[in-house]
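Counting starts at 1 for both ligands and their atoms, following the listed order.
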Amino acid sequence: MRVTVVGCAGTFPSATSPASSYLVEADDDAGRTWHVLLDLGNGALGPLQQYCDPAELDLVGLSHLHPDHVADVSGLFVYLKYHPSGQAGPIEIIGPFGTASRLGEAYGLEPGQDMTPQFNVSVWQPGRPVRIGPLELFPTAVEHPVPAYAVRVIGPSEADPARQVTFVYSGDSDACDALDQAARNADVLLCEASFLEGRDDDVRGIHLTGRRAGETATRAGVRMLVLTHIPAWNDPADALAEARTVYGGPLGLASPGLVIPL
Ligand SMILES: [Zn+2]
Ligand SMILES: [Zn+2]
């Protein structure tokens with residue numbers, strides 16, 4: 001399994017990165033590569049095309065329905081619907097309750113229209129894994145002002161396909177037991193760190209700080225922590241420094257194009 005950071009800017013695109021989007025890929029025993037995209041925020045459909053043909057996505061998993069995580073699904077729909085081959089899609093889309101209607105409203109569907117056959121839209125069922133090729137996705141509801149999920153992905157190791165490895169994406173969340181559980185013993189936790197200690201202490205239930213991301217990783221026994229979803233008005237070095245005070249393992253920052261082999 002390998003994860004490519006397509007976009008990692010928090011809350012809105014930055015001058016140098018689209019908003020959240022992460023491409024998770026793994027090869028099966030027959031050599032077919034499976035492509036799972038976690039989130040497709042503002043601007044991410046552009047650089048996604050550097051890494052795979054969007055029509056070849058097997059599944060798009062949406063952590064929640066804020067625009068910095070789903071805005072470019074409208075563009076993906078256009079890409080499939082009007083593709084010159086005439087045969088693009090369907091792509092499986094999974095998100096919180098209400099995903100199909102929200103995506104339709106964002107695109108501007110007329111009454112009586114829907115997004116089939118380009119998309120098959122379904123809803124995360126906590127406790128029910130989603131199997132796609134050699135990958136298994138486990139959604140966990142986490143703490144954010146709207147229904148939101150962390151996603152735990154288990155799949156074959158790049159170096160030793162006989163071994164299973166675990167990648168966890170926090171989505172957007174404040175610290176909570178559910179996120180600790182989702183991240184338990186992960187090989188890599190890709191964790192949001194939108195807020196700053198001292199500046200945002202009065203705002204709870206929305207986002208993590210670098211420190212709270214680091215504490216989550218320590219409590220969960222995570223082997224490597226990668227911070228993401230840092231808004232353009234923050235200095236990423238601050239998030240990194242906060243996390244470093246409470247997490248002793250390998251620690252990094254997401255950046256567009258970063259590939260994380262697991
Ligand atoms: Zn966000
Ligand atoms: Zn959000």
- Message: What I want to find out is whether Asp177 reaches Arg219 closely enough, with some N-O distance under 4.0 Å, to be called a salt bridge.
- Response: no
- Query: From the Zn ion (ligand 1), how many protein N/O/S atoms are found at a distance short of 2.8 Å?
  - Reply: 4
- Can you tell me the N, O or S atom of His144 that's nearest the Zn ion (ligand 2)? NE2
- Message: Check this for me: does any side-chain nitrogen of one of Asp174 and Arg212 sit under 4.0 Å from a carboxylate oxygen of the other?
- Response: yes
- Message: Can you confirm whether the side chains of Asp53 and Tyr79 place a donor and an acceptor under 3.5 Å from each other?
- Response: yes
- Show your reasoning for whether side chain to side chain contact (heavy atoms under 4.5 Å, CB included) applies to Ile91 and Leu76. CA-CA 10 Å; Ile91 292 176; Leu76 178 61; 4.3 Å; yes
- Task: Give every residue pair that meets the side-chain hydrogen bond (donor to acceptor under 3.5 Å, both in side chains) criterion with at least one member in residues 232-245, sequence neighbours excluded.
- Result: Arg199-Asn234
- In terms of side-chain heavy atoms, does Asp68 have a donor or acceptor partner in His229 at a distance below 3.5 Å? yes
